[in-house]
Amino acid sequence: MTTTPAPPTAPPKPSWDPRQPVVRPFPWLRPTIRIRLTLLYGGMFLMAGVLLLTIIYLLAADALRQGNVLPFQIVNAQVQVTPGSCEKLGGTTNSGDFMRGLEQCMQHQRAVALESLLRRSLLALLGLAVIAFAFGYAMAGRVLSPLGKITRTARRVAGTDLSRRIELGGPDDELKELSDTFDEMLDRLERAFTAQQRFVANASHELRTPLAINRTLLEVHLSDPGASPELQQLGKTLLATNERSEQLVEGLLLLARSDNEIVDRKPVDLAEVASQAIDQARTEAQAKGVELRGTRQPAVVQGNGVLLERIALNLVQNAVRYNAPDGWVEVTTETQPGQAVLVVENTGPVVPAYELDNIFEPFRRLRTERTGSDKGVGLGLSIVRSVARAHGGRITAVPREGGGLVMRVVLPT
């Protein structure tokens, strides 16, 4: 006879909630910064007070000893005055005159002693102040050194190096709690950025593959000589729509990748990048009757060559597409102290300044949204701004007198 095994019991529930903060049994024994600073500065004040009292006591004792020294001697019933003080006692025979002179002499001695005590006390106070400031500066640097470590780690993290951690040691005080919280935040940020990068990579593959298949199928059907004219026209329309979708996907993926700061930098000449962009846009410019001109001086920056070429190409293509008939596009590069400048200027319709506020937003154009236009997908200037920010630079757009725009990209060298 077989016995039916008993169903497995459910695992025991945890008796504590990990979301709740840890409660210490004796929180008042925790070596917090407030307690440490209280003990430190209280001890410094006590030591300074004891040292100051000791110095004052020694100086007062020395002043009293000097003040009690008689400025005269009585030898063989005659008064011999110490040179330099109490000359009035010399040769005095009247007891009243002698006592008055003696009283003036003692007052003079006390004044000299008090002056000496004050002078020495001021010198001692000055020395103690210097020692106190130096000791306080050293101790403050020691107490605040964890903040410097946190700041340095934050600066390295700002360069997209999310693998850095503070890992602060020492007593379990507020600074260690802050650093542990910062490390936990960095862990979550690293996981989030890793997930974003993984999503971008997966989306790049999942979105490009069906579009590439559609393009191949459409091209195969368009190459069929037996296809009807209506089918040929439909195929061309679908192929243009598919190409537009490919451009949109590429732009979105590039925009997602270029939002972070560039870590792997290499020397890139903006003049060479601009020349390559002009060569790629020359055919389109000739078809529209747009003249490409400009002087390009060497301007080397540290960055990613592919992304910087995308900046120049997007600006030149926009300048060619949004231009007047028989217009021109001027592309110049130059170097300034600490920065390199790329300027793309073109003719075209008059652009009000208030319409430039949203020109760098995705899917935005002048006077129109992205729908109903065949000049692009509305991501060119958004990508330019994102790439410029990733390189630590900026881009500005200024209306040109007579029509057109002046696009100015400034990058640090």
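We number each residue from 1, following the sequence as shown.
- Side chain of N346 to backbone of W328: no donor-acceptor contact under 3.5 angstrom is found.
- The two residues P267 and V300 make their nearest non-hydrogen contact at CB-CG1, 4.0 Å.
- For Q286, the side chain to side chain donor-acceptor pair (under 3.5 Å) criterion is met by no residue, not counting sequence neighbours.
- Of the possible donor and acceptor atoms, none in the side chain of H391 sits under 3.5 Å from a partner among the backbone N and O of V301.
- Residue E291 places its CD atom among more than 12 non-hydrogen atoms of other residues, nucleotides or ligands, all under 6.0 Å distant.
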**Message:** What verdict does the side chain to side chain contact (heavy atoms under 4.5 Å, CB included) test give for L270 and L411, after you've listed the backbone C-alpha separation in whole Å, the side-chain angles of each residue and the deciding distance to 0.1 Å?
**Reply:** CA-CA 10 Å; L270 287 184; L411 300 175; 4.2 Å; yes
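- N304 CG to R310 CZ: the interatomic distance, rounded to the nearest 0.5 Å, is 11.5 Å.
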Ignoring hydrogens and angles, write down the donor-acceptor pairs under 3.5 Å from the side chains of residues 274-281, residues two or more places apart or on other chains.
residue, atom, partner, partner atom, Å
S275, OG, A271, O, 2.9
S275, OG, R296, NE, 3.3
D279, OD1, R282, NH2, 3.4
Q280, NE2, E309, OE2, 2.7

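- Under a cut-off of 6.0 angstrom, the local environment of CE in M47 is sparse, with at most 12 non-hydrogen atoms contributed by other residues, nucleotides or ligands.
- Applying the side-chain contact (heavy atoms from CB on, under 4.5 Å) test to L51 and every residue at least two apart in sequence or in another chain returns I55, L128.
- The side-chain contact (heavy atoms from CB on, under 4.5 Å) check on S179 picks up I150, I166, L168, K176, with sequence neighbours excluded.
- Residues that satisfy the side-chain contact (heavy atoms from CB on, under 4.5 Å) test with T283, not counting sequence neighbours, are absent from this structure.
- Between F182 and L186 there is a side-chain heavy-atom pair separated by less than 4.5 Å.
- The shortest distance between side-chain heavy atoms of V341 and V409 does not fall below 4.5 Å.
- Applying the side-chain contact (heavy atoms from CB on, under 4.5 Å) rule to R215 yields the partners A212, E219, L239, N242, E246; only residues at least two apart in sequence or on another chain are considered.
- Sorted by first and then second residue, the side chain to side chain donor-acceptor pair (under 3.5 Å) pairs involving residues 399-411 (not counting sequence neighbours) are E345-R400.
- Proximity of a side-chain donor or acceptor of D269 to a complementary backbone N or O of A299 within less than 3.5 Å is detected.
- Proximity of a side-chain donor or acceptor of T333 to a complementary backbone N or O of Q297 within less than 3.5 Å is detected.
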**Request:** Please assess I311 against I383 for the test side chain to side chain contact (heavy atoms under 4.5 Å, CB included), listing each intermediate value before the final yes or no.
**Result:** CA-CA 7 Å; I311 285 182; I383 294 174; over 6 Å; no
**Request:** Please report the C-alpha distance between L381 and L315 in whole Å, then the side-chain angles of each, then the deciding distance to 0.1 Å, and finally whether the side chain to side chain contact (heavy atoms under 4.5 Å, CB included) criterion is met.
**Result:** CA-CA 7 Å; L381 293 181; L315 291 179; 3.7 Å; yes
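- Applying the salt bridge (Lys or Arg N to Asp or Glu O under 4.0 Å) test to every pair with at least one member in residues 39-59, sequence neighbours left out, gives no pairs at all.
- Listed by first then second residue, pairs satisfying salt bridge (Lys or Arg N to Asp or Glu O under 4.0 Å) with a partner in residues 44-56 number zero, not counting sequence neighbours.
- Within the structure, salt bridge (Lys or Arg N to Asp or Glu O under 4.0 Å) contacts touching residues 322-337 (residues at least two apart or in different chains) are R293-E330.
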**Request:** Just do the side chain to side chain contact (heavy atoms under 4.5 Å, CB included) check on N323 and V329 with the steps written out, would you?
**Result:** CA-CA 8 Å; N323 211 314; V329 175; 3.4 Å; yes
